[in-house]
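Remember, it's a predicted structure, so these values are computed and weren't measured experimentally.
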Amino acid sequence: MSVENMTVTTIFDKSQEGRKGLNLPVLDVEAKTTLDSSLLRKEKAKLPQLSEFDVVRHFTNLSNKNMAIDKNFYPLGSCTMKYNPKIAERVAGLEGFSSIHPHVITNNMNEDVQGILETVDMLEKNLCEVTGMKKFTTTPQAGAHGEMLGIMMIDKYHRSKGNKRKYIIVPDSSHGTNPATATMVGYEVITIKSDANGGMDFDDYCAKMNEDVAAVMLTVPNTLGLYNPRIKQLCEVAHKYDALMYYDGANMNAIMGVARPGDIGFDVIHINVHKTFATPHGGGGPGSGPVGVSEKLMEFLPDLGIKKVNDIYEFTTGGKNSIGKISPFFGNYGISLRAITYMTTLGGNGMYNTSSKAVLNANYILNRLKDYFDVPFGNKCMHECVISAKTLAKGGVTAMDIAKYLLDFGMHAPTVYFPLIVKEAIMIEPTETENKQTLDLFCDTMIDAVNLAKKAPADFQHYPKTLGVCRPDDTMAIKNLNVRYEQ
Amino acid sequence: MPYTPHTQTEVREMLDVIGLEKESDLFASIPDDLKVSKLDLPDGLDEFSTFNMFKKLASKNVTNKLMFMGGGYYDHVVPSAVDALAGRSEFYTAYTPYQAEASQGTLQALYEYQSLICELTGMDVSNASMYDGATALAEAALMAVRITRRNKILVDAGVNPTYIEVVKTYLSFRDIEVEVIDMNGEESNLEAVESKIDNTVAAYLFQNPNFFGSVSDFTSICDKLHEHKALAVMSAYPVSLGMLKDPGSLGVDIVSADGQCLGNYLSFGGPTFGMVATKTEYIRNLPGRIIGKTLDKDGKELFVLTMQAREQHIRRQRATSNICSNQNLLALRSTMFLSLIGREGLVTMAELCFNKSEYLKEQISKVSGISVVNTQSTFNEFVIKTPLSASDLLAKLSDKGFYAGVNLSALYENRTNEILISVTEKRTKEDMDQLVTAIGEVL
C-alpha cells in the first residue's frame, strides 16, 4: 500500500502560499493609523490558503465519507434518527427568520419580530398540548441543557420553601446526562437498580425516597424501550415527600397522542426536538431542548418569554423567583422554527400515527430477531428494543463486531453497550419513517451476521471492509494524543 | 402530512409477525387511565400551505433596516459556499460520530476545526464546540474551578452582560462566589482587578474587546493571576483576532467565544456555537467532545472521538460537564468559513471592520450633541452618548430605516442615554453617511 493511502490529507496540507479564496468588500474609507502595537497580533493566524473551489471540493469529498439518514438506515437507539423533512430547511432559510438580530429584544422592538414571536408561541402551545404541561420555554439549547434548567428550577422550588435538598434519584438505565446534570446543579446522585422487568425497582425506590430527595429523573418509556406500568405510583410516592418528578422526554416519539406526562403527574419535562420533532441532528448538533413545567414551577421559569397583549406579542422578563438566564435569548431559535414547521405538517392527527408506526417498526424488528439474539425483557417494546449479543460473545463475536459488520451493508450500526445494565447491548430504534423493505433488509443482515458468527467468528475482525478504514486504535488515540494539525 | 410509508397490507403483515390483532394493542403496556383520546391540535397541513403560512410569518419580521447592532452578534458576510457545503445532507442528517469508520467526514472536519481554533486563539487544544459564547464562558469558569480547586470567580464588568447573567446562573447552584469588578468608564479597571487577585481566586473572566468595544492589554493581569496560581479566562471575538493580539500571547489559560461571526446567520440569536480552547496541561478538564487522530488496525490514519472518559455517557455523575451534543453543524460552517477566508483574508476582514468603525466614530462625533464615550482604542464597536434617551433616539432612527445600535439603557441602570454601535465589513461609506445624516435630522 502506498504512503498516500495510509495518511489523511487535511485542509492545511492543501494550502498554497499566496492563494486566495474569498473576496471581501473593498475599503471605501480612509485607512486609519492602526492600534498601538501592544494590542496587535505579532504573527498572522496560520489559516490555510485556498481557492473557493479547493474548499468546495475538500468538504464535498469529506461529506462523502459520512453515513447520514438521507443515505442510510440509521437505527441508533435513543437517538430517533427519523427523516428530516426538507420543508423545514426551506422555511428556516427564509431571510425573515435567518437575518434577524437578537438585540431587537434588548431594544424592545417587538413590533419588528411579530412573525418570529408567533412561531415561538405556536411551538410552546403545541408542546403544551402534546405533553399536558402548563407552560414551555424554548431557551435551552439541547436536551442536556433542558435537563439542567429543569433541575435548577426544582432546586429553586425547594429553596423557596426554605429547604435545601441533597439528592436526585435516577434509575441505572438512565441516560448519562441525567446524573451528570444532577452534579452540574450541585446534587448527589442516588442510583436505583432495575428489576427483572426492566423498570426501576419499586421497593428499593420507596426505601431510598425521603425528604432529602429533590427530584426523580425518569425517561419514559425508558432506555430499554419499556413503559413502566407503575409510573403513576412512582409519581405519587415522590410527591408524598414533595420530591418533584422530572421527565426526560428523549423518548417522546413513542407516546405522542397516547399518554401525556403532565396528566400522569410529572412536574418538568424536556423535549429533544432533534429527536421527536425531526430537526436534523447536524452531525451532533445543534439540537434544542424546550422545557415544560407544571403549575408549581411556573414562577421559576427563565428570564425571557413572550405574552400576547391586545393581539401584539411582547417580551416578558422572569419574575422574582426566576432562575435567571441559561441562554442569552431564545436558545437555538432556528431549530425551534424547524420543529414547529414539522409539527404543522404533521398535525394532531399525524402525531398519534407517528408514535404508533414507530412502535410498530420497533416491535417488528424485535420479533423478527428474538430467536437469534438474547432478548432480556420479553418480546414487546415501545419505540425501540434492546437485544443482546451475550450468547454470541461467548463464541467471540461481540455487539461491537455486529455493529461493524452492519456498516458494510450500507446501514449505520445500532447503539451498542447502552444501556449499561444490559451485557452486550444492541439498542435498535428504527423510527416510523422507515419502510418494511428496509426493516427486512436490516433483519436479514442481522440474521446473516448471527449465522456467520457461528461458522466463522474470526472473520468479524475484518469488518468493516468497504469504508476505507477499519477499527481505530482508541488506546493509541489517548496515549499519543493528536488533537490538532501541527504546522 | 404523514411521513410514514406503511401500506395497509404491510401493517397487517407486521402485526402478524408481532402477534397482535390491531395496531392499538401496541400500547397495551400503558395503563388505560393514563391514555388520552385525541390531541387538541389542528390536522396536518400539506407542504405548500405550510410554506405559505411560514412565508407570511417571515414577512412580518423586519429585514430591510441598515444594521449597526452588534453586542456579541454581528452582521458579517456569509459566503455562498458555506451554505452549499453545510447544506449537504451527508453532513446535516448525520449523527454524532460514534462509529468512526462511518463518520470520517464529520470527524476530519472537526479535527480541522480544532486546529483552526488553536491557530486563531494561540492555544494548544480546543474542544469540538459547545452551545454558544455565553454557556462556553460559564463552562470555562467551571473548568477553572475544577483545575484550581478554588471557588471564587472574578468577572470583569466589561463582559457581555447577558453572558454575565448566564455565568451567574450556572455558578449559583454550586456555591461558587462570583464577584463582578466595576469598570473605569468603558475600560477595565485593571488596578482594581489586581487588588482583588489572591490565592483564593480560581479565575478572572474578561472580554477583549469588551462589551463596549474597547481594547486593552491584559498581559500584566495574566502574569499577576499566574503569580497566584489563578487562571486567566478570556471571552474573545474571533473576527477581531485577525488584528488583535491572540489570547495565547496575552497569557490567557482558557479562551471562550461565540462563533456566530464565522459564517453563521444571526437567526435571532441561535443556533450559533461556543468555542473553548486551552493549554495542553488542562485538557483533562476540558468539557465537551474532542477529536483525535489515530491509526486503524492496518496502520492507516483516521479520526476518532477521544478522551471520552471525561464525558457524561461514560463517566455519568463524575463527568466534566453534562453536555452531550456539540453545535456541530455551526462549527463545521466556521471551519469552511475560515478555510475560505484564509490567512490574509481574516486580516483584511478585521481591518475593514476597524477602519470603517473608525470612520463612523469620527463622523458621528461631529454631530452636534453626540459624543463618543470610549477614551481608549476600540475595534469595531463604540458607545455614543446622546441628548435624547437612547430608546427615543433608537425608535426615531428605526422609523428612518436604521438599527442604529444596542440600547445600553436597557442593560445598565446608569447608561440612560447611551448606545452601542457596531460596524462590519458589510457597511459601506454610504450606509454610514446616511446614518450620520439621519442622527443629525432626528436630534
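Looking at B:Leu411, the atoms closer than 4.5 Å to chain A (heavy atoms on both sides) all sit in the side chain, from C-beta outward. For B:Ser59, no part sits under 4.5 Å from any heavy atom of chain A, backbone or side chain. Only the side chain of A:Met81 comes within contact range of chain B, with heavy atoms under 4.5 Å apart. If you measure heavy-atom distances from B:Val347 to chain A, the contacts under 4.5 Å come from the side chain alone. Both the backbone and the side chain of B:Tyr95 come within less than 4.5 Å of a heavy atom in chain A. Contact annotation for A:Thr119: only side-chain heavy atoms (C-beta onward) come within less than 4.5 Å of a heavy atom of chain B. Residue B:Phe273 does not touch chain A at all, counting heavy-atom pairs closer than 4.5 Å. In this structure, chain A has no heavy atom under 4.5 Å from any part of B:Ser391. Heavy-atom distances place the side chain of B:Val77, and not its backbone, under 4.5 Å from chain A. Heavy atoms of A:Tyr74 lying under 4.5 Å from chain B belong exclusively to its side chain. At a 4.5 Å heavy-atom cutoff, A:Leu226 makes no contact with chain B through either its backbone or its side chain. If you measure heavy-atom distances from A:Lys380 to chain B, the contacts under 4.5 Å come from the side chain alone. For A:Leu94, the part sitting under 4.5 Å from any heavy atom of chain B is the side chain, from C-beta outward, and nothing else. With a threshold of 4.5 angstrom between heavy atoms, A:Asp263 approaches chain B through side-chain atoms but not through N, CA, C or O. Residue A:Lys44 touches chain B through its side chain alone, counting heavy-atom pairs closer than 4.5 Å. Neither the backbone nor the side chain of B:Ser129 comes within less than 4.5 Å of any heavy atom of chain A. Of the two parts of A:His58, only the side chain, counted from C-beta on, holds a non-hydrogen atom closer than 4.5 Å to a non-hydrogen atom of chain B. Interface remark: B:Val406 contributes backbone and side-chain atoms alike to the contact with chain A (heavy atom separation under 4.5 Å). Interface residue B:Leu295: backbone and side-chain heavy atoms are both found under 4.5 Å from chain A. Residue contact with chain B, scored on non-hydrogen atoms closer than 4.5 Å, involves the side chain of A:Tyr83 exclusively. B:Leu332 does not touch chain A: none of its heavy atoms, backbone or side chain, sits under 4.5 Å away. With a threshold of 4.5 angstrom between heavy atoms, B:Ile314 does not approach chain A through any atom at all. The contact between A:Met152 and chain B is made by backbone and side chain atoms together, counting heavy-atom distances below 4.5 Å. Contact of A:Tyr364 with chain B is made through backbone and side chain together, with heavy-atom distances under 4.5 Å. Contacts of A:Ala278 with chain B are absent, with no heavy-atom separation under 4.5 Å from either backbone or side chain. If you measure heavy-atom distances from B:Phe91 to chain A, the contacts under 4.5 Å come from both the backbone and the side chain. Contacts of A:Ala182 with chain B are absent, with no heavy-atom separation under 4.5 Å from either backbone or side chain. Within the 4.5 angstrom heavy-atom criterion, only backbone atoms of B:Pro42 (N, CA, C, O) approach chain A.
Among the candidates A:Gly324, A:Gly350, A:Pro229, A:Gly143, the residue making the largest number of heavy-atom pairs closer than 4.5 Å to chain B is A:Pro229. Across A:Asn435, A:Asn349, A:Ile326, the residue that shares the most heavy-atom pairs under 4.5 angstrom with chain B is A:Asn349. The residue among A:Glu147, A:Gln114, A:Gln49, A:Glu30 with the most heavy atom pairs within less than 4.5 Å of chain B is A:Gln49. The residue among A:Glu89, A:Arg90, A:Lys42, A:Gln487 with the most heavy atom pairs within less than 4.5 Å of chain B is A:Arg90. Top candidate by heavy-atom pairs under 4.5 Å with chain B, chosen from A:Leu360, A:Asn64, A:Leu50, A:Ile335, is A:Leu360. Interface check for chain A: of the options B:Tyr170, B:Phe27, B:Phe303, the most heavy-atom pairs under 4.5 Å are formed by B:Phe27. Chain B forms more heavy-atom pairs under 4.5 Å with one residue of A:Leu481, A:Leu39, A:Val189 than with any other, namely A:Leu39.
Closest heavy-atom contact between A:Gly282 and B:Asn328: O-ND2, 2.7 Å. For A:Leu35 against B:Leu244, the heavy-atom pair with the smallest separation is CD1-CD2, 3.5 Å. Of all non-hydrogen atoms in A:Thr10 and B:Glu112, the two that sit nearest each other are CA-OE2, 3.3 Å.
Residues B:His6 and B:Glu23 bring no donor and acceptor atom of their side chains to less than 3.5 Å of each other.
Salt-bridge formation is detected for the pair A:Arg260/A:Glu129: a Lys NZ or Arg NE/NH1/NH2 atom is positioned less than 4.0 Å from an Asp or Glu carboxylate oxygen. The residues B:Lys293 and B:Glu301 are annotated as salt-bridged, a charged nitrogen and a carboxylate oxygen being separated by less than 4.0 angstrom. With respect to the salt-bridge test (charged N to carboxylate O, under 4.0 angstrom), the residues B:Lys356 and B:Glu425 do not qualify.
Between A:His101 and B:Tyr403, the gap from one ring centroid to the other reaches at least 6.0 Å. When ring centroids are compared, A:Tyr333 and B:Tyr265 stay outside the 6.0 Å threshold.
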**OP:** Take A:Lys404 and B:Glu101 through the test salt bridge (charged side-chain N to carboxylate O under 4.0 Å, His left out) and record every step on the way to the result.
**Re:** CA-CA 8 Å; A:Lys404 299 294 185 193; B:Glu101 295 96 328; 2.6 Å; yes

**OP:** Evaluate the side chain to side chain donor-acceptor pair (under 3.5 Å) criterion for residues B:Tyr111 and A:Asn482: first the C-alpha distance (whole Å), next the side-chain angles of each, then the deciding distance (0.1 Å), finally the verdict.
**Re:** CA-CA 9 Å; B:Tyr111 177 87; A:Asn482 177 340; 2.6 Å; yes

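Using the six-membered ring where Trp is involved, A:His103 and A:Phe329 have ring planes that are perpendicular, over 60° apart on the 30 and 60° scheme.
Here CZ of B:Phe51 is found 13.0 Å from NZ of B:Lys56. Values are rounded to the nearest 0.5 Å.
Put simply, the side chain of A:Glu95 never gets that close to the backbone of B:Thr63: no donor and acceptor are under 3.5 Å apart. Formation of a donor-acceptor pair under 3.5 Å by the B:Asp296 side chain with backbone atoms of A:Cys470 is found in this model.
The cationic group of B:Arg88 does not satisfy the cation-pi geometry with A:Phe59, failing either the under 6.0 Å distance to the six-membered ring centre or the 45° limit from the ring axis.
By the 6.0 Å contact criterion, CD on A:Glu118 is enclosed, its count of non-hydrogen atoms from other residues, nucleotides or ligands being greater than 12.
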